[in-house]
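One structure is given here, and the rest of the page talks about it.
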Amino acid sequence: MAWKWGLRLTSVITLLVVWEALGRGLPGLLMPTASETLVALVRLLGGAELWRAMWISNQALLVGYLAALLVGVPVGLVIGRWRQVERPLDLYLNLLLVTPVSALIPILIMALGLGLAARAAVVFVFAVAIVAVNTRAGLRDIDPNLIEMARSFGASETQLWRRVLLPGARPAVLAGARLGLARAISGMVAVELLLVSVGFGRLLLRYQGDFDAGAVYAVVLVVAAQAVLLTGWLRRWERRDEAPGLE
Amino acid sequence: MIEVRGCMKIFPGREGHPPTRALDGFDLTVRDEEFVCLLGPSGCGKTTVLRILAGLLPWEAGEVLIDGRPVTGPGPDRAMVFQHFSLLPWADVEENVAFGLEMRRVPAAERKRAARHWIEAVGLAGFEHHHPRQLSGGMQQRVGLARALAVDPRILLMDEPFGSVDSQTRRLLQEDLARVQQKERKAVVFVTHSMDEAVRMGDRVVLMGPRPGRVIESIEVPFPRPRLPEVRKENAFVELKEYLWGRLQAMQGDGTGLKTQDASG
């Protein structure tokens, strides 16, 4: 473990050194140095502004992402099991997956206004398809021999779900939840930058307007840190699934 | 007693392919406590027969009766042992062995007791809390066998159960199954590719031919039970094996084509 952390530390230090050098070498407002960014970061972390922005942004994330899980997982399970249901829904899922979702933001804002509901809806739309598609894949990848085995022992549909389908799909559902979270965070920031100027997005736009490059970078770092921490936390749930009892 | 009369099974052809007649005019009778081996080339419908007997597959024509009652689905009188073990990878040995009982809503304490008993009976005591991936193929199939025996079926349906383990393990599993059968006296329908296995294990070998799958010949195996492993050295054993090989070879020679797509295992 120690050498792994050593490697990580080395890579971070290298990045900071290169960044600092570039920041000093390039002229003008293009890029703050690492030290300027760190100073701005400390200043922001010490004030109330950043935390208020985080709270406002994350309300939309929380509502939108939870809704995406509550809809995406059951939809994925149902279309994974019953192709008759999949056929009419598949088109919309694919659309959501391949369309640059940012293009939908104006539509949602027009429909829902500039409040929390609209921002949560954007987060939801960013995340829901990937959650559903991963859940479906998890169900499809279950060894059909296991389903046949369960049926041969007289499993009812309920028993089949409880003992075979849900445990079998679980790792893919968790992976989908993690990918969905990453997309939800993108959605959260995108809507704030593009249309509804609140939270992190508003900070970014304001510091940009102030030519406070260090602060812009610091906010980006905070958003990135939040994303890494949250998805890392979800990943730990996935790990718990792997290789039970393989000491 | 199992009675199959004039069974026909057709698999619909996939996208432009003609339908496959997997079985046609298939007859089979298996008495209580009889060990019948289904032997035949790939694609002759051996596994299809087993899945129909298990109630997992509908058929097009003919009668399939167990103790005089038509098969309509899986039932507590039958249990299956699968070629690829089909163990739940997220459950430990004890949970896997108890799976059939759990499906039958047997109370947890009783399940545990039965599971422990059968785990010991197949020689896996001490492995109750191991997961399938921690076990060798042979041990995994012992779990599969214990799971089937735990529901106390009258009929065991075994689909090439020892086909995917190495030959030494295979011999060991055969001897262990023979020992279990000596005590438990199930009716067994045992699908195999191996002539040696068919003659070693079966009271009777039913030779099947392909396209459509049907019974070519039913041969009583003349060795009494309990059979010792030494039975393999007897002349009659070797001769019967050679006879079966001759029949199988003839089938492959008459254009029935082993290399064609195997739709039914």
Side-chain angles (χ1 to χ4, degrees), chain A residues 73 76-77 80-84 86-87 90 134-178 234-247, chain B residues 47 50-57 71-106 127-135 143-144 147-153 155-159 164 265:
Chain A
V73 173
L77 290 175
R81 180 99 179 111
W82 292 289
R83 296 214 180 233
Q84 309 90 293
E86 184 191 20
R87 241 163 259 138
D90 202 30
N134 266 276
T135 304
R136 171 177 66 185
L139 214 55
R140 290 271 161 82
D141 283 348
I142 294 172
D143 180 359
N145 290 317
L146 287 185
I147 298 172
E148 176 143 278
M149 182 281 293
R151 284 185 55 214
S152 84
F153 282 103
S156 66
E157 183 72 18
T158 318
Q159 286 175 321
L160 188 64
W161 276 101
R162 254 172 40 78
R163 294 297 278 137
V164 180
L165 300 178
L166 291 177
R170 194 185 132 108
V173 172
L174 289 175
R178 182 166 51 81
L234 278 181
R235 199 192 282 275
R236 283 181 47 180
W237 281 82
E238 287 173 58
R239 292 241 175 90
R240 211 164 292 176
D241 268 11
E242 287 164 13
L246 267 190
E247 292 89 25
Chain B
T47 295
L50 219 56
R51 293 177 67 212
I52 286 174
L53 289 174
L56 293 169
L57 205 61
V71 168
T72 53
D77 49 354
R78 285 153 285 154
M80 198 153 170
V81 179
F82 297 84
Q83 185 179 3
H84 301 294
F85 321 140
S86 295
L87 303 179
L88 301 176
W90 47 82
D92 65 16
V93 167
E94 191 176 297
E95 289 172 299
N96 268 296
V97 171
F99 182 80
L101 296 170
E102 190 188 339
M103 294 303 104
R104 278 159 211 194
R105 301 192 164 79
V106 172
F127 291 94
E128 287 83 357
H129 299 300
H130 282 59
H131 281 73
R133 84 185 86 202
Q134 297 168 286
L135 305 177
V143 177
R147 176 177 60 192
L149 290 167
V151 298
D152 195 21
I155 299 168
L156 268 184
L157 303 168
M158 306 185 76
D159 183 12
S164 47

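Throughout, a chain's letter reflects where its sequence line sits, starting with A, and its residues are numbered from 1. Because the structure is predicted, anything quoted here is derived from the model rather than measured.
Looking at B:Arg147, its side chain never comes within 3.5 Å of a backbone N or O of B:Phe99 through a donor-acceptor pair.
For B:Leu157, no part sits under 4.5 Å from any heavy atom of chain A, backbone or side chain. Interface remark: B:Gln83 contributes no atoms to any contact with chain A (heavy atom separation under 4.5 Å). When heavy atoms are compared at a cutoff of 4.5 Å, A:Asp143 does not approach chain B at all.
The side-chain heavy atoms of A:Val73 and A:Val173, taken from C-beta on, include a pair separated by under 4.5 Å.
Taking all atoms of both residues into account, the shortest heavy-atom contact from B:Pro89 to A:Leu146 is CD-CD1, 3.9 Å. The two atoms that bring B:Leu156 and B:Pro153 nearest to each other are CD2-CG, 4.2 Å, heavy atoms only.
Chain B forms the most heavy-atom pairs under 4.5 Å with one residue out of A:Gly168, A:Ser156, A:Gly154, and that residue is A:Gly168.
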